[in-house]
Amino acid sequence: YIDLHYKDRGITMEKDIIPDMKNLVKKSMQAVKKKMNPDSKKSSFEIFGYDFIIDIDFNVWLIEVNTNPCIEESSDLLKMLLPRMLNDAFKLTLNVIYPPLPQYMSGAETKYPVTNYSDTESMWECLT
């Protein structure tokens with residue numbers, strides 16, 4: 001929407017909005033990193049849901065972080081993104097500990113195609 005309707009203002013999602021979102025995610029994780037995994041459990045992970053709002057001046061604001069995000073495929077976009085997001089998360093976590101058997105890997109890379117992502121590219125990004 002922003003890329004289509006605000007070209008004249010020079011605002012784009014990739015250049016302006018997404019970097020701000022990533023910065024807010026990084027800051028929020030840094031703020032609670034000492035409370036994350038207090039028992040130092042190995043081989044665990046969690047998926048968080050971040051809610052943002054963009055104001056009239058294109059400032060990005062963090063509304064909340066959900067530890068139990070809704071993973072409902074309530075739109076065509078979510079029907080495309082959620083299965084791939086979860087599959088990529090499992091590749092980064094479960095597959096490291098329990099590698100899939102070769103006979104189950106045939107065609108696995110193209111199971112959840114997402115527009116603008118190659119079939120072998122992870123949708124997850126490390127924010128350091």
Side-chain angles (χ1 to χ4, degrees):
Y1 181 88
I2 289 175
D3 289 344
L4 291 174
H5 297 281
Y6 292 96
K7 282 183 183 179
D8 59 326
R9 301 214 21 211
I11 304 291
T12 69
M13 284 296 294
E14 190 166 334
K15 179 178 65 79
D16 302 294
I17 306 300
I18 293 175
D20 288 349
M21 290 176 164
K22 289 179 181 180
N23 189 41
L24 289 168
V25 169
K26 184 177 175 179
K27 285 180 178 179
S28 70
M29 287 288 118
Q30 288 172 339
V32 298
K33 70 181 176 184
K34 291 182 180 176
K35 294 186 182 273
M36 300 288 285
N37 196 12
D39 299 325
S40 299
K41 292 180 182 177
K42 294 191 183 266
S43 306
S44 64
F45 71 97
E46 191 168 352
I47 294 176
F48 295 94
Y50 278 75
D51 294 339
F52 300 96
I53 191 167
I54 303 167
D55 69 20
I56 196 166
D57 295 319
F58 301 99
N59 296 306
V60 178
W61 298 89
L62 176 60
I63 299 172
E64 66 179 351
V65 181
N66 297 294
T67 58
N68 189 15
C70 178
I71 304 179
E72 180 181 346
E73 297 177 349
S74 57
S75 70
D76 289 339
L77 178 63
L78 291 176
K79 285 178 186 175
M80 176 179 59
L81 292 177
L82 289 174
R84 174 66 176 272
M85 177 200 72
L86 293 171
N87 191 56
D88 286 356
F90 295 148
K91 286 179 185 177
L92 292 171
T93 55
L94 297 177
N95 288 10
V96 172
I97 299 167
Y98 307 104
L101 298 172
Q103 64 263 34
Y104 296 109
M105 291 305 295
S106 176
E109 297 302 327
T110 59
K111 195 169 186 176
Y112 304 107
V114 171
T115 306
N116 297 325
Y117 282 90
S118 75
D119 291 334
T120 57
E121 179 182 8
S122 176
M123 293 181 64
W124 293 92
E125 180 180 337
C126 182
L127 302 177
T128 57

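We're numbering straight along the sequence, starting at 1.
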Shared-cluster residues of I56, by chain and number - hydrophobic side chains joined below 4.5 Å: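 I56 clusters with nothing; isolated.
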
Rounded distance (nearest 0.5 Å) linking atom [atom1] of [X] with atom [atom2] of [Y]:
X	Y	atom1	atom2	result
K22	K27	NZ	NZ	15.5 Å
L62	N23	CG	CG	11.0 Å
N37	K42	CG	NZ	9.5 Å
E46	T67	CD	OG1	6.0 Å
F45	T93	CZ	OG1	3.5 Å

T12 backbone acceptor or donor facing D16 side chain under 3.5 Å: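 Checking the backbone N and O of T12 against the side chain of D16, a donor-acceptor pair under 3.5 Å is found.
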
Any donor-acceptor pair under 3.5 Å from D55 side chain to D57 backbone: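 Yes; at least one donor-acceptor contact below 3.5 Å.
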
Non-hydrogen side-chain atoms of [X] and [Y] separated by less than 4.5 Å:
X	Y	result
D88	K91	yes
M123	L81	yes
E73	P83	yes
L86	I47	yes
L24	F52	yes
F90	Y98	no

Where Y117 and S122 come nearest, the two heavy atoms and their spacing: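 What the structure gives for the nearest pair is CE2-O, 4.3 Å.
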
Shortest non-hydrogen contact between M21 and V60, atoms and distance: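 Smallest interatomic distance, heavy atoms only, reads CG-CG1, 3.7 Å.
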
For N68, all residues meeting side-chain contact (heavy atoms from CB on, under 4.5 Å), sequence neighbours excluded: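 Result, side-chain contact (heavy atoms from CB on, under 4.5 Å) vs N68: none returned.
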
Sequence-distant partners of M13, side-chain contact (heavy atoms from CB on, under 4.5 Å), two or more places apart: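 Checked M13 against side-chain contact (heavy atoms from CB on, under 4.5 Å); matches are I2, D3, I17, I18.
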
Report yes or no: do [X] and [Y] belong to one cluster of Ile/Leu/Val/Met/Phe/Trp/Tyr joined by side chain heavy-atom distances under 4.5 Å?
X	Y	value
M85	Y112	no
V25	I71	no
V32	I63	no
L92	L94	yes
V96	W124	no

Plane angle bin for F48 and Y50 - parallel if under 30°, tilted between 30 and 60°, otherwise perpendicular: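 The rings of Y50 and F48 stand perpendicular, inter-plane angle above 60°.
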
Please determine whether the number of non-hydrogen atoms from other residues, nucleotides or ligands lying under 6.0 Å from atom [atom1] of [X] exceeds 12.
X	atom1	answer
K15	NZ	yes
I97	CD1	yes
D8	CG	yes
Q30	CD	yes

